Amino acid sequence: MSVEGNSKMKRLLSVVVSVYNEEAVLEQFYQETVRVLDGIGWDSELIFVNDGSVDSSLRILTGLADRDGRVKVVSFSRNFGHEAAMIAGIDYSSGDGILCMDADLQHPPECIPGIIRKLEEGYQVINMVRTKNKSAGLIKNLTSAAFYNLINALSDVHFENNASDFFAVSREVAEVLKSSYRERVRFLRGYVQNVGFKRTTIEYEARARAAGESKYSIRKLFRFSVNTIVCFSNLPLKLGIYAGLLAGILGLIVLIYTLLTRRGAPDGYATIVVLICFMFAILFLIVGIIGEYISILFTEMKDRPIYIVERTENLEKK
Ligand code: UDP
Ligand code: MG
């Protein structure tokens, strides 16, 4: 049941691209993407979200916007992060389908026709799953796999392994994301995988970054992983209960043993010190975990904006 050709009006695809210091690839990205967009049978708009770049990215983007009316630019007042950029792009999009992708051509534009086909078949969430990540080193690939295993074990929702920030959603899903997922600390691709609707995945082979360098350091990724776990799972909070139970049972066993054998205290200085250190370690760890949750509560409570738009091109500022 193809919807194709049923309507005279062409449908619109919004391509959301987050840009942070990508001067080296923008022109190439634009050329390659537009070439593909010309052949999909849909109208298209390219929404570039400039996430506070400090190089000449913004100048290149305004140049593109002057040349081509399909190019729209949302420029942040400073760096707010990749996720904020994608959220802004979705906020400003007006397409029937919205596709988020990176500016560095790691998400190959050749995938777009396949995505369009799925949208036409009526799928509302299309997750692109990478089969290979050429540019990421072994460590990044391993940590990424470990992260997905951990988060799947901890939370009640399921995350696709290797899901990337490369996904497409229908207008309906975009509206849900716009209205209901406005958390300050968030994991957009997690939400996308868990809003329900008719979903599918497409495999793709990630290309190597066309130029420039990755903006994610291991430290940033670690922060990101902690936030995600805290956002999607309450299990770490329960760690305290289990640790308490364990310590209690241990104490009880020692008590019973001492009572039954009626022996005086055996000398075991090391045992005691090790035990105390061990117990305090667990205790402080749990306090730290609670701290993580409180810090996120605090951030949410302050209700600061997810992003601040300084200027736009070819778009009405909201
Ligand atoms: N990006 C962004 N804000 C940031 C960091 C990155 O908008 O603070 C953009 C970046 O320009 C790129 C995408 O997010 O289009 C993915 O970043 P990157 O390629 O550095 O990450 P990687 O592919 O190495 O995970
Ligand atoms: Mg990249």
Side-chain angles (χ1 to χ4, degrees), residues 14-30 32-33 46-61 64 71-93 98-109 111-112 128-148 160-167 184-190 192 204-225 227-228 305-310:
S14 304
V15 180
V16 170
V17 190
S18 41
V19 177
Y20 179 54
N21 297 345
E22 300 283 8
E23 58 181 4
V25 288
L26 282 176
E27 183 67 40
Q28 191 191 346
F29 174 87
Y30 169 76
E32 282 200 31
T33 310
L46 270 164
I47 303 178
F48 288 99
V49 183
N50 171 39
D51 185 14
S53 301
V54 289
D55 63 357
S56 58
S57 294
L58 183 60
R59 204 169 40 79
I60 297 171
L61 291 178
L64 291 176
V71 173
K72 300 172 179 174
V73 181
V74 178
S75 188
F76 287 175
S77 61
R78 63 166 166 87
N79 181 261
F80 281 89
H82 184 192
E83 297 230 314
M86 287 193 286
I87 291 172
I90 294 172
D91 289 348
Y92 276 88
S93 70
I98 294 101
L99 169 66
C100 286
M101 59 199 291
D102 288 358
D104 57 10
L105 287 168
Q106 278 182 314
H107 300 160
C111 296
I112 298 176
M128 304 300 290
V129 177
R130 60 173 179 245
T131 49
K132 239 190 253 161
N133 196 342
K134 277 187 187 156
S135 72
L138 180 70
I139 294 187
K140 211 166 172 184
N141 278 334
L142 275 181
T143 45
S144 150
F147 167 69
Y148 277 103
E160 211 70 59
N161 199 353
N162 278 334
S164 52
D165 292 315
F166 189 18
F167 59 85
R184 300 298 166 285
V185 183
R186 77 229 135 212
F187 184 45
L188 188 61
R189 77 184 102 139
V192 169
Y204 78 100
E205 197 172 306
R207 284 204 224 159
R209 192 173 233 288
E213 54 192 42
S214 174
K215 314 294 182 298
Y216 280 109
S217 58
I218 291 285
R219 218 191 88 218
K220 256 193 190 174
L221 283 173
F222 180 72
R223 184 69 255 166
F224 185 70
S225 308
N227 282 349
T228 306
I306 295 175
Y307 58 82
I308 299 169
V309 175
E310 188 174 333

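Computed from a prediction, not measured in an experiment: that's the story for all the values here. One-based numbering, in listed order, for ligands and for the atoms of each.
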Handout entry: Approximate separation, where rounding is to 0.5 Å, of His107 NE2 and Leu99 CG
Key = 9.5 Å
Would you mind listing which atoms of ligand 1 come within a distance below 4.0 Å of any non-hydrogen atom of [X]?
X: Asn79; answer: 3 (N), 4 (C), 8 (O)
X: Gly81; answer: 3 (N), 8 (O)
X: Ala103; answer: 15 (O)
X: Glu22; answer: 10 (C), 11 (O), 12 (C), 15 (O)

Exercise for the section: Consider every N or O of Ala85 and every N or O of ligand 1, then say whether any pair is closer than 3.5 Å. Expected result: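 No, Ala85 has no N/O under 3.5 Å of an N/O on ligand 1.
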Problem - NZ or CZ of Arg78 within 45° of Phe76 ring axis and under 6.0 Å - result: no
Exercise for the section: Please determine, by modelled atom types, if Tyr307 and Asp91 share a side-chain donor-acceptor pair under 3.5 angstrom. Expected result: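 On atom types as modelled, these side chains qualify, holding a pair under 3.5 Å.
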Practice task
Scan side-chain atoms only and decide if Ser75 and Glu310 contain a donor-acceptor pair under the 3.5 Å cut-off.
Solution key: no
Handout entry: Heavy-atom closest contact (Ser18 atom, Asp102 atom, distance)
Key = OG-OD1, 4.4 Å
For ligand 1, does [X] get within less than 4.0 Å through its side chain, its backbone, both, or neither, judged by non-hydrogen atoms?
X: Val49; answer: neither
X: Asp102; answer: both
X: His82; answer: both

Problem - Pairwise side-chain contact, Leu26 with Phe48, heavy-atom cut-off 4.5 Å (strictly under) - result: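 Touching, per the 4.5 Å side-chain cut-off.
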Problem - Atom nearest to the Mg ion (ligand 2) - Asp104, N, O or S atoms considered - result: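 This residue's closest N, O or S atom turns out to be OD2.
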